[in-house]
**Q** 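Would you mind keeping the following structure in view while I ask a few things?
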Amino acid sequence: MHEWALAEGVISTILTVAKKKDAKEITEAEIKIGCLQQIDENIFTTAFRELVKHTPLEKTKIKLKNEEAYFKCRTCELEWNLTNTTNALGREESEAIHFIPELAHTFIRCPRCGSPDFAVTRGRGIWVEHIKILK
Amino acid sequence: MHEWALAEGVISTILTVAKKKDAKEITEAEIKIGCLQQIDENIFTTAFRELVKHTPLEKTKIKLKNEEAYFKCRTCELEWNLTNTTNALGREESEAIHFIPELAHTFIRCPRCGSPDFAVTRGRGIWVEHIKILK
Amino acid sequence: MATINKRLKDIKRVIVVVGGKGGVGKSLIATTLSLVLSKRGHSVGLLDLDFHGPSCHTILDAKGVMPTEGEGIIPPEIHGIKLMSVVYYVGEKPLPLRGTEISNVFTELLAITKWGRTDYLIVDAPPGMGEEILDVIRLMKKGEFLIVTTPSNLALKTMSRLVKLLLEIRVPVLGIVENMRITKTKLTEELAKGLDIKYLGYVSFDYNLEGCISNPKKLLKTKFADNVKNILKVV
Amino acid sequence: MATINKRLKDIKRVIVVVGGKGGVGKSLIATTLSLVLSKRGHSVGLLDLDFHGPSCHTILDAKGVMPTEGEGIIPPEIHGIKLMSVVYYVGEKPLPLRGTEISNVFTELLAITKWGRTDYLIVDAPPGMGEEILDVIRLMKKGEFLIVTTPSNLALKTMSRLVKLLLEIRVPVLGIVENMRITKTKLTEELAKGLDIKYLGYVSFDYNLEGCISNPKKLLKTKFADNVKNILKVV
Ligand SMILES: Nc1ncnc2c1ncn2[C@@H]1O[C@H](COP(=O)(O)OP(=O)(O)O)[C@@H](O)[C@H]1O
Ligand SMILES: Nc1ncnc2c1ncn2[C@@H]1O[C@H](COP(=O)(O)OP(=O)(O)O)[C@@H](O)[C@H]1O
Ligand SMILES: [Mg+2]
Ligand SMILES: [Mg+2]
Ligand SMILES: [Mg+2]
Ligand SMILES: [Mg+2]
Ligand code: NI
Ligand code: NI
Ligand SMILES: [Zn+2]
Ligand SMILES: [Zn+2]
């Protein structure tokens with residue numbers, strides 16, 4: 001589960017932002033999870049808690065929030081979301097997108113015109129939405 | 001002077017927008033001109049007036065406004081504007097950018113780190129900012 | 001978009017030379033095709049879409065020429081071919097571009113270039129199936145794709161990926177040209193069959209070709225050019 | 001960025017095989033170099049950056065293998081080489097990507113791949129000087145560039161553009177390898193001199209090479225591999 005790698009990335013982002021803001025303590029971090037990647041929240045949380053042991057983030061609470069994945073076709077301009085995607089994804093395909101969201105361009109097509117030329121407009125990746133700090 | 005080609009593009013945009021808005025008459029169009037391309041406003045205006053003869057835009061007033069060109073370096077994150085660009089552009093270089101603004105990546109470098117890997121954040125191209133219509 | 005469609009309106013056919021793989025002979029075939037068609041009396045345009053490695057001007061030996069301006073940009077005629085390329089503006093200098101920038105250059109070129117009445121516009125595509133190819137599909141609705149490959153396993157695999165994509169989205173595919181054949185092999189022909197597209201024939205590896213780059217007259221007299229003419233009969 | 005640097009921390013040298021031009025032998029040289037270094041007892045990683053035409057897995061005959069997961073992604077070892085490629089996930093299917101998407105895939109690969117202690121990470125670059133090359137420069141600060149070209153005028157011109165760029169921004173350039181030499185010519189060597197970079201030697205055109213693709217043991221016994229070993233002495 002590369003949720004560990006994702007947790008590492010999130011932790012280093014939080015620390016960078018906190019440093020920029022001159023934080024003394026980071027009380028909470030809100031983390032947004034794009035649905036495209038189907039990240040396992042339990043594993044992610046376990047990884048996070050494990051990795052922050054003996055770091056300034058040891059006591060930081062985390063809130064995980066989801067963002068639905070949206071696409072926009074560059075050929076016919078249709079916008080749609082992942083749940084509407086007609087060609088249901090198989091296990092291996094989901095797995096691929098789990099690791100690298102852009103691989104969606106191999107497995108997903110515009111439900112109206114069939115084009116592989118679309119943008120992922122929302123719900124890609126994982127990112128820190130905001131942090132609460134004490135100065 | 002390919003200002004004629006640019007005027008053609010602007011005209012077709014105005015007509016498309018006006019149609020979408022169900023306009024009966026288009027009284028005015030505000031056109032933004034990015035400074036990167038150094039478009040000749042006189043030639044542009046002449047071309048526009050010539051090309052709209054016997055079209056619904058014959059009486060449309062045009063207002064031209066400039067937008068300074070800004071760059072942002074992807075290597076060192078410096079932002080700068082065209083007038084600050086250290087390597088002054090020669091005539092042929094200006095000409096190249098006049099036709100195709102992206103050719104800036106051959107002739108312009110980040111004034112801090114020398115990188116050619118920068119984004120043109122503002123002041124590229126020519127576009128219709130807004131139109132005034134009667135319904 | 002409207003401007004682009006207007007610019008392409010008076011062009012009868014648009015042939016896009018692609019391969020997926022680099023170095024399979026796309027530029028040489030695209031340019032030789034242009035020369036042959038032009039010699040036969042057709043009016044021909046050639047658009048070099050390989051902004052990072054433009055080659056058509058070298059093959060045609062285009063020197064000291066520039067497009068002329070007049071209500072747009074009119075490409076100069078070189079050996080009878082209207083050639084458009086970024087090389088007029090950047091010369092031998094590098095043009096490093098990211099994807100969206102490539103897309104912008106392409107859109108700009110299509111919007112400003114006045115081809116006029118043209119029988120064939122030949123498009124010399126870069127390798128890959130990125131920005132340029134996706135934009136050809138999006139912006140040049142008339143495009144018919146001519147696939148070039150070598151019989152090497154590495155080229156065939158990459159070419160297959162591209163062809164699968166083109167067939168899936170149902171753009172016209174003229175067929176496959178096998179280039180640089182050294183020994184006889186059925187690999188390319190069989191792959192074409194498997195992909196259900198036309199095998200257009202082969203072009204032999206021509207050891208004298210290198211000496212004819214930058215000399216269109218000599219180029220037209222090579223075995224390579226003879227092979228290209230045979231392909232043309234089938235298209 | 002911090003994550004990426006951490007992932008690359010335990011890698012001693014990063015060699016990026018580029019050419020500007022496609023089909024000059026970047027993938028074969030990058031893969032053969034990896035095999036030779038690995039046979040000599042070094043720990044070697046190989047990153048296939050050509051997302052539209054991945055080739056390293058074909059040359060190494062990597063079949064039925066997948067990266068393993070565990071606090072990141074650990075690439076499988078094939079003939080002693082840790083190979084990372086999108087091919088594990090997309091198989092033979094096309095992966096059409098625009099520029100920003102290419103950049104995202106690259107960033108993601110660097111962030112999740114755990115190379116571990118590695119003496120050499122060889123990066124097999126695609127043609128061009130677009131998104132992938134600019135991102136290697138931006139994200140892999142340790143990268144040393146190995147230039148591959150053929151002695152053809154078309155390849156040399158495109159390679160020159162890329163080298164000019166690399167020299168201008170002052171990234172380390174190891175030198176130029178002349179590949180697929182058929183007849184003796186001084187063109188490449190002279191160009192290297194003109195560009196003020198090292199000429200590393202040549203690799204002959206090897207008519208038996210095609211039969212050794214997908215057979216690393218045979219590949220290592222070719223004249224091609226011998227030539228590559230000679231180049232290695234100079235680097
Ligand atoms: N039939 C052929 N015989 C010999 N050499 C060829 C042949 N076709 C192409 N070449 C050579 O192969 C190289 C790649 O050709 P090029 O047209 O630049 O390919 P691409 O545009 O696909 O990258 C050039 O050096 C060219 O001279
Ligand atoms: N020294 C050589 N002799 C003969 N064929 C070669 C040699 N080097 C490369 N090739 C062939 O040239 C083609 C392109 O090689 P490849 O490694 O895929 O290039 P690139 O990665 O630069 O596109 C392949 O078909 C390969 O088998
Ligand atoms: Mg997309
Ligand atoms: Mg830019
Ligand atoms: Mg080419
Ligand atoms: Mg390759
Ligand atoms: Ni996972
Ligand atoms: Ni002009
Ligand atoms: Zn669509
Ligand atoms: Zn900078």
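Note on naming: letters A, B, ... go to the chains in the order of the sequence lines (proteins, then strands), and numbering restarts at 1 for each one.
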**Q** side-chain contact (heavy atoms from CB on, under 4.5 Å) between C:Leu83 and C:Cys56: does it pass, once the steps are laid out?
**A** CA-CA 8 Å; C:Leu83 171 69; C:Cys56 299; 3.8 Å; yes
**Q** Under 4.0 Å between a side-chain nitrogen and a carboxylate oxygen: does that hold for B:Lys132 and B:Glu25?
**A** no
**Q** Going through the checks in order, is the salt bridge (Lys or Arg N to Asp or Glu O under 4.0 Å) test met by B:Arg124 and C:Glu108?
**A** CA-CA 12 Å; B:Arg124 186 209 175 276; C:Glu108 207 74 41; 3.0 Å; yes
**Q** Between C:Leu95 and chain B, which part of the residue has a heavy atom less than 4.5 Å away: side chain, backbone, both or neither?
**A** both
**Q** Against chain B, work out which of C:Thr107, C:Asn104, C:Val105 has the most heavy-atom pairs shorter than 4.5 Å and name it.
**A** C:Asn104
**Q** Where on B:Glu50 is there a heavy atom nearer than 4.5 Å to chain C: the side chain, the backbone, both, or neither?
**A** neither
**Q** With respect to C:Ile73, which candidate in C:Ile112, C:Thr68, C:Leu109 satisfies the side chain to side chain contact (heavy atoms under 4.5 Å, CB included) definition?
**A** C:Ile112
